[in-house]
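Data block below; observations after.
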Amino acid sequence: MSALFKHLRIHQIFGANTDVGKTVLTSALVRASAARDRKVFYLKPVSTGPPSEADDQHVVRYAGSHKRMIETECLFRYKEPVSPHLAAKLASEDGGSQIDVPSDSTFANAIASHIRRCASSSLHNAHMYVETAGGVHSPTLSGTTQLDSYRPLLLPTILIGDAKLGGISSTISSYESLLIRGYTVDAVLIFRDEYYRNMEYLQPYFAERGIHVSAVDAPPPKLDNYEENRVSTEAYYQTIVPEDGKSEIFAIIDHLDGRHAARIRDLGSLSTRTLDTVWWPFVQHGLVDGPKDVNVIDSAWSDFFSIHNSQNALESSTSSGESLLEPQFDGSASWWTQALGHAHPELTLAAAGAAGRYGHVMFPQATHQPALELAEKLVHDGPGKGWASRAFFSDDGSTGMEIALKMALRAYSTRHGESLDVSAKKNLGILGLKGSYHGDTIGAMDACEEGVYTSEWHKAKGFWFDPPTVSMRNGTVTISLPTSIASAMESPVEAESLSWVYDIPARLNSPLATTYRDYIGDTIRRIKASGGPELAALVLEPLVMGAGGMVFVDPLFQRVMVDVVRGTTDVTGSWSGLPVIFDEVFVGLYRIGMQSTGPLLGVNPDISVYAKILTGGLVPMSITLASDSIFQAFLSDKKTDALLHGHSYTAHPIGCAVANKTLDIIDKLVEGESWLNAQSRWTNLNKNGKDSTVWSLWDPDFVSTLSRMPMVEELMTLGTVLAVNFKDEDGGYASQSAQRLLKSIREKVTDEKSLSAAPGGAPFGIHFRTLGNVAYFMTSLNTPPETIRSVEDRIWSALQDAI
């Protein structure tokens, strides 16, 4: 991840094209830094061609009288003078040796490791320059473009502009490519050219964007005679890097030093400024113990934040080898939104493309390609396949659920209109489960029982069953029954295997299914007989109730609930009994290993809601899918019968384009090696030998071992989710037991497995969230197995230390 050191100012140098003078200008910067009595580190990660012509040799050759202050290094050197990806490929095939081409992670880790070594060896203010090869999109060893290969490091950047014909375009294009991937461009350098005069255009262009631009005299033409050329080139460097320290190059050095100091200052102030101004969600500010409790995130990449280490920043005597930034695993997938890791370049480009083409356009009685494509994907090929006919766009999961409730209640009111007066319609209730949560907006809160998330305006409307739950206890999968059901049979029920629990057809005719069916039916009849609220919809978080404590509900209970409320279909092709809403904001789109829960439960909803993973964690958007019979409830020739709900950014093209790209990537990902390997590990555990429809990216042996630890009450996992319920007599949302037991995993460690798991191979800590005495961890859909294994080791070690 990104590195920032007090005593080592680092800049990465990109070129707007090949042959724009990167090495010449980098050599000048190196020479000027050394002339300022700075220790200077020059790194050329990849070099191709004869060593005598290598860029690092050029830097040494023209270091001037301060050569002793300069150290140069090249990490990957290839003899063929071709593009790095081709040079690496040819080297791998040379003489049949079949040497592996270094991967992107190997490449980035090698650079990061070298940077840390340089920082550790420098006790005073030093400078470092990392020179790339070719243009910004020239490929690196793996074939990935430089912008993406170097992105995990996110070093401050100097862009060498192009002074030749067409250079204005290539320089601006390179800048925009850097910007769109999150790079900070601290300066643009370019050769003076009296003919094309590109500087005259580029200087005001970049000045408007607050970027320093400098023009430097171009070097003399290369001479055929080696010694004459050396003398000529040395004279050039003496001119642009004079001994008196007065030239444009030295002004650039001062500017870069200033940018480095300002960055450190700004990062150090963020926590205090935040405490003075920001009101966080779901945080009791009275429990925040000053700036040290603020997690300052400088950037993010893949599954990791790059956070500011306030302790290192406060200690002025800290060794320069200690970075002020360190990686931190995003253990909650940033509140369940991350699907493909932070700053995924394909999602960023999709967003930029839609922003450039549309910005935002209003949607009522209009359409555009990204929105229509997304609606068709979700309705015809996605979670709505086989039952949904319409997609309604909104801005987040809570709003999507409000829309779902409006749809369901209108459908119920339309069907039962003659028996419902105005007052009855205003007091329709929903049927659901205790501990459910559908969002923070008032209508969504009204669909839940009274609890910690509700507010003064909340008015619970409905009835909520206490659900049977699934978990692993002491290595055994169990079904725990609430007291209202446990009186009819023994609890907990030991399951044959995890796959058996989720094999609904095999369990539908079991004694437990009969018990569930009788209990649910009797309760609903009792509510009706006692004059309770008129129930107008069934609302479920299928399989897992997220914010209610990561509660894994017995799927059989939810299937029976749907069957009971639907009763006998008396309207052909339409919903019956009560309309059924699946809140799949959390679980949908493969968060728990399946696109939708309907196929597993064996029933489809009438309405379902999707968000979070929908846009890969980049921008907010929600989709509510509905069957045709629900849509028909709003269809008439009266405007007032329409679904009068919407927000200004409905179906915003940026969100739609990002969602389309996310779904395309996920379609390939779920067929990939990592998923297939994880599924096979869980299949091998099944006692019945059947392929498992339920599985997890978390290792089954780790999960079983963790469930046996003395402080663990129970745990459960599906897909990307791992939830651990700790023993605590005073458990609940206010409990601090999970935070206390796992506190140590927030700190970075330096074991070999951890170092290999984070981008850049740096020690990392783990950021995680708790729901009282429940700690949960969540990966992206593409988190590398080695990263998950490292996190597992950290969790196990922390709990082992607590014994």
Side-chain angles (χ1 to χ4, degrees), residues 7-13 15 19-44 55-72 122 124-131 156-164 185-200 202-203 206-207 211-223 225-261:
H7 306 303
L8 177 63
R9 190 252 298 156
I10 310 170
H11 276 86
Q12 180 169 262
I13 299 174
D19 195 29
V20 294
K22 277 198 314 301
T23 301
V24 171
L25 290 172
T26 303
S27 297
L29 291 171
V30 169
R31 184 165 173 153
S33 291
R36 284 281 177 86
D37 201 29
R38 297 287 192 267
K39 177 72 176 178
V40 187
F41 300 97
Y42 169 86
L43 174 64
K44 182 75 173 183
D55 294 341
D56 53 321
Q57 294 303 308
H58 182 95
V59 169
V60 172
R61 188 177 301 124
Y62 298 106
S65 61
H66 304 281
K67 189 176 297 185
R68 60 182 177 79
M69 302 292 293
I70 300 168
E71 289 185 17
T72 64
S122 174
H124 303 288
N125 289 341
H127 293 167
M128 183 173 191
Y129 300 97
V130 180
E131 184 187 348
T157 295
I158 300 167
L159 175 62
I160 307 302
D162 189 344
K164 302 187 296 295
V185 178
D186 279 344
V188 175
L189 278 61
I190 189 170
F191 288 138
R192 289 191 182 89
D193 185 276
E194 298 303 324
Y195 186 77
Y196 295 117
R197 298 160 58 182
N198 290 352
M199 176 65 174
E200 293 181 12
L202 293 173
Q203 200 283 330
F206 284 109
I211 297 174
H212 178 91
V213 182
S214 289
V216 178
D217 289 341
K222 186 175 180 180
L223 303 176
N225 182 278
Y226 174 83
E227 184 57 27
E228 291 178 357
N229 183 72
R230 189 195 66 77
V231 172
S232 172
T233 305
E234 174 59 28
Y236 165 74
Y237 279 114
Q238 290 178 8
T239 300
I240 65 171
V241 190
E243 288 296 325
D244 63 6
K246 296 179 181 179
S247 73
E248 186 65 22
I249 287 292
F250 286 102
I252 295 165
I253 296 294
D254 291 339
H255 170 73
L256 298 177
D257 285 346
R259 292 287 293 170
H260 177 68

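Scope of the values below: all heavy atoms of this structure, side chains included, with no hydrogens, waters or symmetry mates. Owing to the predicted nature of the structure, the values given are computational and were not obtained by experimental measurement.
- The closest side-chain heavy-atom distance from Ile10 to Phe41 is not below 4.5 Å.
- The OG1 atom of Thr23 lies 3.0 Å from the CG atom of Asp55; values are rounded to the nearest 0.5 Å.
- In this structure, Ala28 and Ile249 approach most closely via the heavy-atom pair O-CG2, 3.7 Å.
- Using a 4.5 Å cut-off on side-chain heavy atoms (C-beta onward), Ile252 and Leu256 make contact.
- Considering every non-hydrogen atom in both Ala63 and Ile70, the closest pair reads CB-CD1, 3.4 Å.
- Judged by distance alone, with hydrogens and angles left aside, the side-chain atoms of Thr26 form no donor-acceptor pair with the main-chain N or O of Glu131 at under 3.5 Å.
- The two atoms that bring Ile190 and Asp162 nearest to each other are CD1-O, 3.5 Å, heavy atoms only.
- For the pair Tyr226 and Arg61, the tightest heavy-atom approach, listed with the atom from each and the gap, is OH-NE, 3.4 Å.
- Looking only at side-chain heavy atoms (C-beta outward), Val130 and Tyr42 stay at 4.5 Å or farther from each other.
- Taking CG of Leu202 as the start and CD1 of Ile211 as the end, the distance is 11.0 Å to the nearest 0.5 Å.
- When atom types are taken as modelled, the side chain of Lys39 and the backbone of Glu71 share no donor-acceptor pair closer than 3.5 angstrom.
- In this structure a side-chain-to-backbone donor-acceptor pair under 3.5 Å is missing from His66 to Ala32.
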Would you give me the side-chain donor-acceptor pairs under 3.5 Å for residues 214-222, sequence neighbours excluded?
unit_1: Ser214; atom_1: OG; unit_2: His212; atom_2: NE2; d: 2.7
unit_1: Ser214; atom_1: OG; unit_2: Glu248; atom_2: OE2; d: 2.4
unit_1: Asp217; atom_1: OD1; unit_2: Arg192; atom_2: NH1; d: 2.8

### Query
Does the side chain to side chain contact (heavy atoms under 4.5 Å, CB included) test come out yes or no for Arg36 and Phe250, once each step is laid out?
CA-CA 9 Å; Arg36 284 281 177 86; Phe250 286 102; 3.5 Å; yes

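- To the nearest 0.5 Å, atom NE2 of residue His11 and atom CG of residue Asp257 are 8.5 Å apart.
- A donor-acceptor contact shorter than 3.5 Å links the side chain of Asn198 to the backbone of Ala163.
- Here the CD1 atom belonging to Ile240 is positioned 8.5 Å from the CG atom belonging to Leu29, to the nearest 0.5 angstrom.
- The distance between the ring centers of Tyr237 and Tyr62 falls below 6.0 angstrom.
- For Phe206, the ring pair (Phe, Tyr, Trp, His ring centres under 6.0 Å) test picks out Tyr175, with sequence neighbours left out.
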### Task
Mind running side chain to side chain contact (heavy atoms under 4.5 Å, CB included) on Lys22 and Leu189 for me, showing each step along the way?
CA-CA 9 Å; Lys22 277 198 314 301; Leu189 278 61; over 6 Å; no

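- Closest approach of Val40 and Ser33 over heavy atoms only: CG2-CB, 3.6 Å.
- Counted by atom type alone, His255 and Asp186 present zero donor-acceptor pairs between their side chains at under 3.5 Å.
- In this structure, CZ in Arg9 is found 4.0 Å from OH in Tyr129, a value given to the nearest 0.5 Å.
- In this structure, Ala34 and Met69 approach most closely via the heavy-atom pair CB-CB, 4.0 Å.
- Here the straight-line distance linking atom CG of Leu8 with atom CG of Asn125 works out to 9.5 Å at 0.5 Å rounding.
- The closest side-chain heavy-atom distance from His58 to Ser27 is below 4.5 Å.
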